[in-house]
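Everything on this sheet refers to the single structure shown next.
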Amino acid sequence: MNAVVAEELSYQFPRATDAAIRQVSWQVEAGSVTLVVGPSGAGKTTLLRCLNGLIPHFHGGRIAGRVAVLGRDTRAAAPRDLASAVGLVFQDPEAQVIADRVEDEIVFGMENLGVDRRTMRVRLEETLDLLGIHHLRDRETATLSGGERQRVAIAAAGATRPDLLVLDEPTSQLDPLAAHDVLAAVQRLNDDLGMTVVIAEHRLDRVLPFSERIAALAGGRLAEGPVQQMLPLLDDVPPLVELARTLGWNPAPLTVQQARRRLDLAAPVGASPRSGATPGSELVRLESVSHRYDGVPALRDVSLSGHAGEVVALIGRNGSGKTTLLKHLNGLLRPSSGRVLLEGADIARRPVHELAGEVGYVPQNPTAILHQETLADELRFTLRAQGREADAGPLLAALGIEAHRDSHPLDLSGGERQRAALAAIAVARPRVLLLDEPTRGLPGHDKTALARFVRQYADAGRLALVATHDAEFVASVADRVVMLADGEVIADDVPQRTLAGSLTFATQMNRLFGGEVLTVADALAATAER
């Protein structure tokens with residue numbers, strides 16, 4: 001039995017000039033796990049929203065062909081009719097969480113579906129434990145970090161026990177360990193309950209091992225098949241698969257365990273030392289900074305500096321204080337104690353709008369700063385506000401979004417919107433650039449382009465501070481890695497010493513080779529030496 005049957009499905013959004021998906025024919029077997037991949041703007045989110053009736057009933061537009069979900073035609077069945085059978089977690093959990101308390105959010109869907117009180121209570125407790133968020137049950141949702149909010153959204157969707165669980169970038173804001181835990185929970189729902197799972201994801205390393213089929217979208221068209229059959233057709237693959245291609249391994253290993261069986265690794269291998277950037281003048285400094293939210297410590301006596309020419313990565317579990325730290329550097333938050341210096345001067349009395357010309361901040365949720373009619377208007381708005389002039393064309397080209405300069409920012413895909421927000425801030429060339437989860441929603445090629453942009457930005461004598469959970473991105477671009485835990489700095493060193501050997505933040509290549517090997521390039525050099 002098929003949970004999803006799409007026949008010649010095409011869809012075009014209102015006011016759009018081209019179809020988002022074209023003549024998609026697709027079958028998803030009941031009880032299976034299917035991974036949906038493709039570049040930003042390929043139509044992944046559009047396809048997923050066809051599975052619960054949001055398209056066409058909510059978005060409008062023009063639809064052709066047919067989609068049957070669990071035997072029901074989505075043209076005839078509205079989202080409310082499919083709510084008990086289809087659980088959808090949006091790419092932006094900010095748009096999905098509606099209750100004030102975490103527990104209320106998780107039971108909201110069950111209440112609307114008329115689940116009896118006893119069953120509801122059991123499912124609530126099981127779901128809290130399954131997603132590892134029992135400690136959040138009484139928290140106000142507005143106080144959650146992006147990753148915590150993402151886990152709550154997944155919990156709320158899973159608690160209704162849908163037959164089909166549809167996840168759009170479910171790990172985009174999660175630290176690696178939390179991502180592992182959430183995907184393990186999804187796998188358990190599939191194994192124990194036979195729940196059909198469809199996941200759109202760019203972080204393939206943790207999803208591929210338990211996926212059965214891959215549906216690849218490009219230009220709105222879909223090709224699908226078993227995982228090993230589809231892998232050679234993909235441009236963006238995890239480091240393990242990239243290594244396998246270079247070394248001629250077939251089939252490609254999907255886990256470190258599988259790859260280890262192909263290598264002789266009696267001892268960790270070394271990596272050639274990298275030449276890091278030579279730091280310039282100090283641009284920012286935090287001196288014994290602490291901060292509390294409603295009496296709860298978020299930063300504890302943090303001292304940190306950043307210099308011209310550096311890319312500094314901030315890593316740590318969800319809720320460790322990364323976003324809080326960034327917001328202190330541009331005045332959005334003020335320390336409970338301690339002080340923040342910008343080029344040696346205390347910023348305590350400087351207003352945020354004045355600091356914005358020197359310290360640019362791109363938040364986790366890009367829609368928070370995108371409010372103009374077109375992308376070009378966004379950039380002009382920033383330049384006018386800062387009293388500057390610049391040709392934005394090279395910047396948009398460097399970020400791969402030049403073709404969207406006349407598009408409304410909110411019409412862009414999640415990954416394109418992320419880069420649009422970065423362009424809207426970076427166009428004024430602030431001396432300090434703060435990026436909060438900049439790889440969210442980005443496939444591999446776009447992450448490579450982003451790393452190149454961030455590197456060049458810092459090399460021009462500026463400072464980039466990047467809060468991220470993406471260890472592979474950090475390994476490719478950072479000069480220093482600062483690890484936070486419970487609001488404290490617990491490590492501050494070069495990537496080879498901060499990431500290597502970490503249970504949570506080690507890259508795939510480091511988990512495979514050990515030592516100070518972080519990237520595929522490091523691994524190939526090490527194997528050549530051996």
Side-chain angles (χ1 to χ4, degrees), residues 13 15-18 20 38-45 91-92 172 202 218-220 235-236 311 356-466 468 470 473 476-477:
F13 283 99
R15 300 188 303 277
T17 56
D18 296 313
S40 294
K44 300 184 297 297
T45 295
Q91 192 174 34
D92 297 324
S172 61
H202 289 303
D235 291 330
D236 288 329
V311 178
E358 300 170 69
V359 183
Y361 173 56
V362 184
Q364 286 186 33
N365 180 13
T367 58
I369 61 170
L370 298 174
H371 50 81
Q372 299 295 310
E373 289 298 314
T374 68
L375 176 55
D377 289 339
E378 292 284 358
L379 274 60
R380 281 192 288 266
F381 177 87
T382 301
L383 292 170
R384 283 197 304 269
Q386 302 301 329
R388 302 182 186 183
E389 295 182 1
D391 177 10
L395 171 62
L396 296 177
L399 294 173
I401 52 174
E402 190 174 22
H404 300 297
R405 64 183 306 146
D406 295 321
S407 300
H408 195 293
L410 301 187
D411 288 338
L412 304 179
S413 71
E416 291 165 346
R417 201 177 303 166
Q418 197 78 27
R419 284 172 285 160
L422 172 56
I425 299 300
V427 69
R429 300 295 182 186
R431 293 280 323 264
V432 180
L433 184 62
L434 312 176
L435 305 178
D436 200 351
E437 296 293 349
T439 65
R440 177 182 174 186
L442 296 187
H445 287 319
D446 291 337
K447 283 198 288 189
T448 300
L450 175 64
R452 187 184 310 116
F453 171 83
V454 171
R455 182 71 268 162
Q456 291 172 350
Y457 197 91
D459 289 343
R462 295 180 283 259
L463 167 65
L465 284 101
V466 184
T468 182
D470 193 329
F473 181 76
S476 71
V477 73

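Residues L396 and L375 form a side-chain contact, since some pair of their non-hydrogen atoms from C-beta on lies under 4.5 Å apart. For the pair H202 and D236, the minimum side-chain heavy-atom distance is 4.5 Å or more. Side-chain contact between R431 and L463 is absent, with no heavy atoms from C-beta onward closer than 4.5 Å. Taking 4.5 Å as the limit, every side-chain heavy atom of V454 sits out of range of all side-chain heavy atoms of L433. Side-chain contact check for V362 versus P438: every heavy-atom pair is 4.5 Å or farther apart.
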Applying side chain to side chain contact (heavy atoms under 4.5 Å, CB included) to D470 and L442, what does each step give before you reach the verdict? CA-CA 11 Å; D470 193 329; L442 296 187; over 6 Å; no
Applying side chain to side chain contact (heavy atoms under 4.5 Å, CB included), run through R417 and L410 and close with a yes or a no. CA-CA 7 Å; R417 201 177 303 166; L410 301 187; 4.3 Å; yes
Determine whether F473 and V466 satisfy the following criterion, side chain to side chain contact (heavy atoms under 4.5 Å, CB included), listing intermediate values before the conclusion. CA-CA 10 Å; F473 181 76; V466 184; 4.1 Å; yes
Does L370 form a side chain to side chain contact (heavy atoms under 4.5 Å, CB included) with L412? I'd like the steps, not just the answer. CA-CA 11 Å; L370 298 174; L412 304 179; over 6 Å; no
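Sorted by first and then second residue, the salt bridge (Lys or Arg N to Asp or Glu O under 4.0 Å) pairs with a member in residues 378-399 read D377-R380; sequence neighbours excluded.
Closest non-hydrogen pair, V477 versus A451, comes out as CG2-O, 3.5 Å. Of all non-hydrogen atoms in S40 and P443, the two that sit nearest each other are OG-CD, 3.3 Å. When every heavy atom of P363 is checked against every heavy atom of A368, the shortest pair comes out as CG-CB, 4.4 Å. Here the shortest heavy-atom pairing between G393 and E402 reads O-OE2, 3.9 Å. For the pair A428 and Q386, the tightest heavy-atom approach, listed with the atom from each and the gap, is CB-CG, 4.0 Å. Across all non-hydrogen atoms, the minimal contact from A392 to V427 is CB-CG2, 4.3 Å.
Checking side-chain atoms of Q418 against main-chain N and O of E437 turns up a donor-acceptor pair under 3.5 Å. Checked by atom type and distance alone, the side chain of S413 pairs as donor or acceptor with a backbone atom of E416 at under 3.5 Å. Using modelled atom types, no side-chain atom of T382 and backbone atom of I425 make a donor-acceptor pair closer than 3.5 Å. Distance alone, capped at 3.5 Å, places no donor-acceptor pair between the R405 side chain and the A376 backbone.
For the atom pair Q364 CD and T468 OG1, the distance stands at 10.0 Å (nearest 0.5 Å). Note that CZ of R429 and CG of L383 are 10.5 Å apart. Values are rounded to the nearest 0.5 Å.
Residues passing the salt bridge (charged side-chain N to carboxylate O under 4.0 Å, His left out) test with R462, sequence neighbours excluded: none. Listed by chain and number, the residues in a ring pair (Phe, Tyr, Trp, His ring centres under 6.0 Å) with F453 are Y457 (sequence neighbours excluded).
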